[in-house]
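One structure is given here, and the rest of the page talks about it.
Owing to the predicted nature of the structure, the values given are computational and were not obtained by experimental measurement. Letters go in sequence order (proteins before strands), and every chain restarts at 1.
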Amino acid sequence: MLEMKVFRESPEKIFEDLEKRNLPKDIALTVIELDNKWRKLIEEGNNLRAKRNSISKNIGELKKKGQDFSGVLKEMAILKKQLNQNETDTEIALKLRDSKRMVVPNILVNEVPVGDDENGNAEISTYGTINRKKEWLSHQDILERINGADLKRASKIAGRRFYFLTGDLARLELALVNFAVETLCEKGYSLTTPPFLMNREAYEGVVDLSDFEEVMYKIDEHDLYLIATSEHPITARFKNEIIELKEGPLKYAGISTNFRKEVGAHGISDRGIWRVHQFTKVEQVIFCKPEDSEKMHEEILNNAIHIFERLEIPFRVIDICTGDIGTVAARKYDIEAWMPSTNKWKEVVSASNCKSYQSVRLNMRYRTNEGTNFPHTLNSTAVATTRALAAILENHQTEDGDVIIPKALRKWMGNQETIKSK
RNA sequence: GCCGAGGUCGCUUAGCCUGGUAUAGCGCGGGCCUGGAAAGCCCGUGGGAGCAAUCCCUCGCGAGUUCAAAUCUCGCCCUCGGCGCCA
């Protein structure tokens with residue numbers, strides 16, 4: 001949600017942004033109009049309350065002197081009725097304003113490339129070398145050869161898009177997690193394992209409303225949602241609080257199992273463990289002052305780049321365009337790993353600078369010399385295990401169907417160098 | 001799950017019994033003082049509306065009683081301690 005001062009003081013910034021996104025100006029104009037209504041009501045209410053308080057004080061004094069005050073009681077009754085009405089109206093006006101405000105997307109950073117969909121995304125850089133000649137097995141074929149997963153029986157007990165990871169591959173998953181955690185801890189990130197369930201109110205502070213239908217699983221009888229990423233609980237953690245940023249940005253390495261409904265997603269590219277309902281992810285989450293957020297955005301991206309370089313996977317970094325970026329981020333970089341079996345780049349990391357969009361909704365602030373201000377929030381994948389595993393399997397396969405374990409992970413695999421096919 | 005105690009401004013805390021402007025300390029910011037600093041002293045330190053004077057809101061959340069609620073009543077949430085159950 002955008003700060004109200006932007007609507008009031010520089011609405012042209014919002015209008016320009018909506019134009020870039022091909023969205024109607026009206027959604028912002030409505031907010032401004034509703035805000036004026038609300039402000040008028042607040043002023044009326046304040047005047048009524050001021051009157052009530054002064055009469056009430058007066059009664060107290062009369063009573064102390066033992067004088068009669070029954071005359072003003074009638075006036076008080078009328079006042080009370082007016083105030084009741086005003087309070088109802090004000091509450092409705094504010095709710096309406098903010099429900100419209102929720103829909104207005106974040107203001108994009110100038111550099112964001114303009115485009116209608118993912119075809120408009122801009123490639124920034126590529127890492128590693130691509131070998132297009134060899135015959136490459138798909139990750140799902142390799143899974144079968146190395147006995148790395150049991151998808152069939154997982155679907156028997158839980159449904160499709162679930163999996164058992166087995167043997168060396170299950171071990172490799174833990175190695176990936178350990179590697180990512182160690183990398184981030186060395187850089188000063190504080191490891192955090194959050195609750196895996198969150199209530200609706202907290203969840204509304206960190207996601208789009210549409211995500212409740214399309215992404216998160218709900219536990220009906222408890223008003224709880226399974227988290228889709230540790231970014232959600234970790235960002236919502238300081239809801240309604242004033243945090244301290246004097247000693248620099250707060251940096252967290254989150255680790256959690258993530259649950260996603262993945263409604264509407266299907267296709268041949270989703271076979272195997274690429275798109276699943278449950279996966280483990282190590283995430284980076286940062287809270288910082290506005291002036292630091294662009295630098296922090298580069299930092300979390302570089303951390304992810306570093307991790308994928310050490311996994312020895314070819315990948316590229318792309319700058320997500322206006323039509324593909326969504327409502328929350330002001331700028332978003334993705335890392336796409338090269339998947340040789342299909343000759344395609346596929347998303348393994350997403351790094352977003354959300355500016356103050358989330359902290360406004362969460363009412364989270366930090367203290368400055370002049371008062372309080374909304375911090376910027378950033379998040380990025382460090383490693384999402386299933387996708388990273390798929391990329392490792394494809395890129396590190398050998399002629400005879402074995403998989404070479406990236407050197408960086410071997411210390412968590414008892415120095416094992418390969419995963420043998422059967 | 002049961003019993004008990006509690007939840008007050010960034011933190012700590014007084015006020016609650018007996019309803020009438022939310023107290024003090026710490027931390028933080030500014031000022032005085034100083035060659036500079038510490039100490040000391042003074043001011044400020046949650047949110048909203050307003051150009052401003054000013055006004056309003058805020059004591060876990062929500063209802064109720066009352067002219068008036070941090071304070072009284074009811075419901076809920078959470079924390080701590082004890083008991084029970086349990087990986």
message: Are more than 12 heavy atoms, taken from residues, nucleotides or ligands other than Glu3(A), located less than 6.0 Å from that residue's CD atom?
response: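 For Glu3(A), atom CD is crowded (more than 12 foreign heavy atoms under 6.0 Å).
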
- prompt: In whole Å, what is the span from the CH2 atom of Trp38(A) to the P atom of G48(B)?
  reply: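 Between P of G48(B) and CH2 of Trp38(A): 8 Å.
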
task: Could you tell me whether the side chain of Gln358(A) and the main chain of Thr377(A) form a donor-acceptor pair under 3.5 Å?
output: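 Side chain of Gln358(A) to backbone of Thr377(A), a donor-acceptor pair under 3.5 Å: no, none is there.
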
query: Is there a donor-acceptor contact under 3.5 Å from the side chain of Ser230(A) to the main chain of Glu283(A)?
result: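 Side chain of Ser230(A) to backbone of Glu283(A), a donor-acceptor pair under 3.5 Å: no, none is there.
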
Residues which pass ring pair (Phe, Tyr, Trp, His ring centres under 6.0 Å) with [X], listed by chain and number, not counting sequence neighbours:
X         : value
Phe7(A)   : none
Phe374(A) : none
Tyr333(A) : His297(A)
Phe308(A) : none

Every protein N/O within reach of nucleotides 7-13 of chain B N/O, cut-off under 3.5 Å:
from   : atom 1 : to        : atom 2 : distance (Å)
G10(B) : O4'    : Arg367(A) : NH2    : 3.0

Donor-acceptor pairs under 3.5 angstrom involving side-chain atoms of residues 9-20 of chain A: please list them, not counting sequence neighbours.
from     : atom 1 : to        : atom 2 : distance (Å)
Asp17(A) : OD1    : Leu108(A) : N      : 2.8
Asp17(A) : OD2    : Arg21(A)  : NE     : 3.0

message: Between G20(B) and C32(B), how many Å separate the two C1' atoms, rounded to a whole number?
response: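 Looking at atom C1' only, G20(B) and C32(B) are 38 Å apart.
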
query: What distance, rounded to whole Å, do you find between the two P atoms, one in G31(B) and one in A39(B)?
result: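 These two P atoms come out 16 Å apart once rounded.
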
message: Applying a 4.0 Å non-hydrogen cut-off, can you work out what Thr372(A) is touching in the nucleic acid: base, sugar-phosphate, or nothing?
response: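 Sugar-phosphate contact only.
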
Carboxylate-amine/guanidinium proximity below 4.0 Å for [X] and [Y]:
X         : Y         : result
Lys251(A) : Glu299(A) : yes
Lys95(A)  : Glu91(A)  : yes
Glu75(A)  : Lys51(A)  : no
Arg361(A) : Asp98(A)  : no

query: For every nucleotide of nucleotides 50-58 of chain B, 5' to 3': is a protein heavy atom under 4.0 Å from its base (B), only from its sugar-phosphate (S), or from neither (-)?
result: S----SSS-

- prompt: In which stems does RNA chain B show up, taking only runs of three or more Watson-Crick or G-U wobble pairs whose two distances fall under 3.5 Å?
  reply: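 When the pairs of RNA chain B are grouped into runs of at least three, the stems are B:1-7 with B:77-83, B:10-12 with B:24-26, B:27-32 with B:40-45, B:46-49 with B:54-57, B:60-64 with B:72-76.
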
Each nucleotide N or O in nucleotides 19-23 of chain B that has a protein N or O under 3.5 Å away: list the pair and distance.
from   : atom 1 : to       : atom 2 : distance (Å)
G20(B) : N2     : Ser56(A) : O      : 2.8
G20(B) : N2     : Ser56(A) : OG     : 2.7

task: For U66(B), take OP1 and OP2 only and decide whether either is under 4.0 Å from a side-chain N or O of Lys80(A).
output: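 Indeed not, no polar side-chain atom of Lys80(A) lies that close.
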
task: Start with the C-alpha distance between Thr229(A) and Lys281(A), add both sets of side-chain angles, then the distance that settles side-chain hydrogen bond (donor to acceptor under 3.5 Å, both in side chains), and finish with yes or no.
output: CA-CA 7 Å; Thr229(A) 160; Lys281(A) 179 157 63 79; 2.7 Å; yes

- request: Report the residues that fulfil side chain to side chain donor-acceptor pair (under 3.5 Å) with Asn147(A), sequence neighbours left out, ordered by chain and then residue number.
  value: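 Asn147(A) satisfies side chain to side chain donor-acceptor pair (under 3.5 Å) with no other residue.
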
Using the 3.5 Å cut-off, write out each protein N or O paired with an N or O of nucleotides 70-79 of chain B and the distance between them.
none

query: Who are the side chain to side chain contact (heavy atoms under 4.5 Å, CB included) partners of Glu204(A), not counting sequence neighbours?
result: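 Side chain to side chain contact (heavy atoms under 4.5 Å, CB included) list for Glu204(A), sorted by chain: Arg200(A), Leu209(A), Phe212(A).
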
